[in-house]
Amino acid sequence: MNILASLQTNKMIPEKYKQMSREELEARVIEVKNKLGSRLFIPGHHYQKDEVVQFADATGDSLKLAQLSAENTEAEFIVFCGVHFMAETADILTTENQTVFLPDMRAGCSMADMADLGQTERAWEKLQAIYGDTILPLTYVNSTAAIKSFVGSNGGATVTSSNAETMVKWAFEQKERILFLPDQHLGRNTAADLGIPLDEMAIWNPINDTLEFDGDVSQVKVILWKGHCSVHENFTVQNVIDTRYKYPDMKIIVHPECRREVVELSDMAGSTSYIINAIEKAESGSAWAIGTEMNLVNRLIQNHPDKHIISLNPHMCPCLTMNRIDLPHLVWSLDTLEDENNQNIIKVDAKIAGNAKLALERMLKNS
Ligand code: 13P
Ligand code: SF4
């Protein structure tokens, strides 16, 4: 969803929630959870604040949260602590009797906003003119429901950072080349790790509708949409050099939304769950620099006092939109679950949802 549009339509949180003490807010969450029991489900992404995560019924990376949404047919109210595209995915994968709420409608994702349907349709038309029916579209789940729907209706699938390799392999079993939306870095990192040379990857520029590639276009195997995550782009080669210099024994682990150069220079790269597992399994006394969102890095620092953990970027990198979901917004959304005219409901248009579900189900089947 376009963040500006959501700002215009968003009903703001009443002042009283901002005046409540932390204790009052926490007591209210516990009260509502006890009252509603299994009628309420609160999923939380790993990047959410601790004040929110403490009340999540389940935490996970994007894949796990999508799987949980598909499995949970019981909860009437799903209060999604994450960003807009994740709540849309939950709505698409749940039943008609379940309602998904996003505690703050301004919790969008700048990467998802980098590909809109008009741009994608124009790109597709031009790419079909060059390559004919040889391309399969894949979209990172960090995209709008409309993009997922486009991809689903053209035979493609969604991917997450934890199954991107599997899904890219799957795509190449269907067609000769792929269009990967909207994160060029995840697309490039995944394809390169599968052995596809960088000089067989082109970039689609959605601002001026052009294919950026020097050479013979028939050699292109992967077309990367020119989008990125503004949080993970803050981890730089200089950060890696500085860390190696200051802490020669430290291992560097990053999310694949980081640029290729950063991933190549790191020791390990993977989804948020992969990073958490690696730190959990690491020996006591080991040292780690992590290149991902700061709420997760801070939580890992707190949970592993026996390990030396720092952020790869010493200035830390918060995801401002993830951070919009805080305790006051969680309480406000719990208090208003049954309000008529509730403006925090995420409901994807049925036609869009149908094709988007095809793309999501192709992924879930292969994960
Ligand atoms: P994962 O949890 O799938 O690694 O996703 C990271 C992310 O950027 C979510 O917005
Ligand atoms: Fe979007 Fe990046 Fe924030 Fe994830 S971390 S929600 S990709 S802006």
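In each ligand, atom 1 is the first atom listed, and ligand 1 is the first ligand listed. Keep in mind that the numbers below use all heavy atoms, side chains included, and drop hydrogens, waters and symmetry copies. Given the structure is predicted, the values throughout are model-derived calculations rather than measurements.
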Give every pair formed by an N or O atom of ligand 1 and a protein N or O atom closer than 3.5 Å, one pair per line with both atom names and the distance to 0.1 Å, or write none.
unit_1   : atom_1 : unit_2 : atom_2 : d
ligand 1 : 2 (O)  : His45  : NE2    : 2.7
ligand 1 : 2 (O)  : Ser62  : N      : 3.2
ligand 1 : 2 (O)  : Thr272 : OG1    : 2.7
ligand 1 : 3 (O)  : Ser62  : N      : 3.3
ligand 1 : 3 (O)  : Ser62  : OG     : 3.0
ligand 1 : 3 (O)  : Ser161 : OG     : 3.0
ligand 1 : 4 (O)  : Ser161 : OG     : 2.8
ligand 1 : 4 (O)  : His255 : NE2    : 2.7
ligand 1 : 4 (O)  : Thr272 : N      : 3.0
ligand 1 : 4 (O)  : Thr272 : OG1    : 3.3
ligand 1 : 5 (O)  : Ser62  : OG     : 3.4
ligand 1 : 8 (O)  : Glu257 : OE1    : 3.4
ligand 1 : 8 (O)  : Glu257 : OE2    : 2.8
ligand 1 : 10 (O) : Asn142 : ND2    : 3.4

- Task: Could you tell me the separation between the CE atom of Met111 and the CG atom of Asn142, rounded to the nearest 0.5 Å?
- Result: 5.0 Å
Transitive ILVMFWY side-chain link [X] to [Y], under 4.5 Å:
{"X": "Leu65", "Y": "Ile276", "result": "yes"}
{"X": "Leu36", "Y": "Ile345", "result": "yes"}
{"X": "Ile147", "Y": "Met167", "result": "no"}

Tell me whether [X] at atom [atom1] has more than 12 heavy atoms from other residues, nucleotides or ligands lying less than 6.0 Å away.
{"X": "Glu74", "atom1": "CD", "value": "no"}
{"X": "Gln19", "atom1": "CD", "value": "yes"}
{"X": "Lys33", "atom1": "NZ", "value": "yes"}

- Message: Quick one, Met201 with Phe213, criterion side-chain contact (heavy atoms from CB on, under 4.5 Å). Give me CA distance, side-chain angles, the key distance, then yes/no.
- Response: CA-CA 8 Å; Met201 300 185 207; Phe213 186 70; over 6 Å; no
- Task: Could you grab the protein N, O or S atoms closer than 2.8 Å to atom 3 (Fe) of ligand 2 for me?
- Result: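 Atoms qualifying: Cys319 SG.
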- Query: Is any side-chain heavy atom of Lys148 less than 4.5 Å from a side-chain heavy atom of Phe85?
  - Reply: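 Lys148 reaches Phe85 side chain to side chain.
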